[in-house]
There are 2 protein chains.
Amino acid sequence: MSKQPPPADCCVAPLACAPLTEDEAAELAPLLKAVADPVRLRLLSLIACHDGGEACVCDLTAAFDLTAPTISHHLKTLRRAGLIDSERRGTWVYYRLNPGVLERLSAVLAPRAATTR
Amino acid sequence: MSKQPPPADCCVAPLACAPLTEDEAAELAPLLKAVADPVRLRLLSLIACHDGGEACVCDLTAAFDLTAPTISHHLKTLRRAGLIDSERRGTWVYYRLNPGVLERLSAVLAPRAATTR
DNA sequence: CTTCTGGATAGATGGATGTCAAATTAGAGG
DNA sequence: CCTCTAATTTGACATCCATCTATCCAGAAG
């Protein structure tokens, strides 16, 4: 924990600004890996686009030709990466996007400092 | 090829705009997968930051504690994903970023239509 | 308490992936 | 032609990962 990342409020150090350190790369890669799957991409999109910004697992499962455990596994992967959060309300569990994480990834991949402009 | 993607000039259909179709997700995932590796992230960054926007393989290999074949393998992965291009000049091979692809990924992950804000 | 349903976990399996050592190709220069 | 160096390819190996079936946990409602 000695080396803390850049402030993160301004330039999130896009890839093309300065060479990524080994630590930065090691921190970013798992995030991107969580996103780098067609099912999880669609899950993120479905959650983000759903009414109220949240979606029930049953809604999500219905959108795929996959078994419920598989969807549950992907949701867990996204949650452990910090991309989504879950909340149980009665019988159902709702997922919503954790804002900021996706934006950070977007900023890192942007050709230049992209948060503004 | 019946369903063509959105114009791509304006809104590149970020994830949160409309639910990603199965085809869109299937096309984006391999791109992200190519980026979702700490070594490849640093390779991209090193190439992007290098003088003239290009870097020789020997320069890249020197930046890692990995063997030359391993770096070559990662470069091939990036090249097949369309993220970089290579050019041989004499004995050396130079890699440069293929602009646009990274921008597209960045735009897709952006919270909203981010190209034009 | 019992039962039903939504969702998660456990375990198994086939396929993808990162890494290396060894062999191969491509120029450059005797 | 021979040799040296830069880079890639090949083949092997260990690990990871997406998916499934079977099982388990948590509320809700009888």
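In the text below, chain A, chain B and the rest are named by the order of the sequence lines, each starting its count at 1.
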Donor-acceptor contact present, side-chain Arg42(A) to main-chain Leu60(A), <3.5 Å: no
At 4.0 Å (heavy atoms only), tell me whether His74(A) reaches a base, stays on the sugar-phosphate, or touches nothing. sugar-phosphate
For Phe64(B), which contact category applies under a 4.0 Å heavy-atom criterion: base, sugar-phosphate, or nothing? nothing
With the side chain counted from C-beta on, respond yes when Leu31(B) and Arg104(B) share a heavy-atom pair under 4.5 Å apart, and no when they do not. yes
Distance in Å, Leu83(A) CG paired with Arg40(A) CZ, rounded so as to fall on 0.5 Å steps: 9.5 Å
Hey, is the main chain of Val57(A) close enough, under 3.5 Å, to the side chain of Thr61(A) for a donor-acceptor pair? yes
Should Leu105(A) and Leu109(A) count as side-chain neighbours, where that means a heavy-atom distance under 4.5 Å? no
Within the 4.5 Å heavy-atom criterion, are Val93(A) and Ser86(A) side-chain neighbours or not? yes
Heavy atoms, side chains only, cut-off 4.5 Å: are Glu24(A) and Thr21(A) in contact? yes
Within residues 31-46 of chain B: residues closer than 4.0 Å to DNA chain D (heavy atoms): none
Interatomic spacing from SG in Cys56(A) to CH2 in Trp92(A) - rounded to 0.5 Å: 7.5 Å
Tell me, do Ile84(A) and Arg96(A) make a side-chain contact under 4.5 Å, heavy atoms counted? no
Of all nucleotides in DNA chain D that come within under 4.0 Å of a heavy atom of chain B, which is furthest toward the 5' end and which toward the 3' end? dA6(D) to dT9(D)
Give every residue pair that meets the salt bridge (charged side-chain N to carboxylate O under 4.0 Å, His left out) criterion with at least one member in residues 65-90 of chain A, sequence neighbours excluded. Glu54(A)-Arg89(A), Glu87(A)-Arg89(A)
Backbone N/O of Ala16(A) and side chain of Ser45(B): donor-acceptor pair under 3.5 Å: no
The first and last nucleotides of DNA chain C lying within contact of chain A, meaning any atom under 4.0 Å from one of its heavy atoms, run from dG6(C) to dT9(C)
Specify the residues of residues 79-92 of chain A, ordered by number, for which at least one heavy atom lies under 4.0 angstrom from an atom of DNA chain C. Thr91(A), Trp92(A)
Using a 4.0 Å heavy-atom cut-off, does Leu66(B) contact any base of the nucleic acid, only the sugar-phosphate backbone, or nothing at all? sugar-phosphate
Tyr94(A) with Leu46(A), same ILVMFWY side-chain cluster at under 4.5 Å: no
Check side-chain hydrogen bond (donor to acceptor under 3.5 Å, both in side chains) between His50(B) and all other residues, then give those that pass, not counting sequence neighbours. none
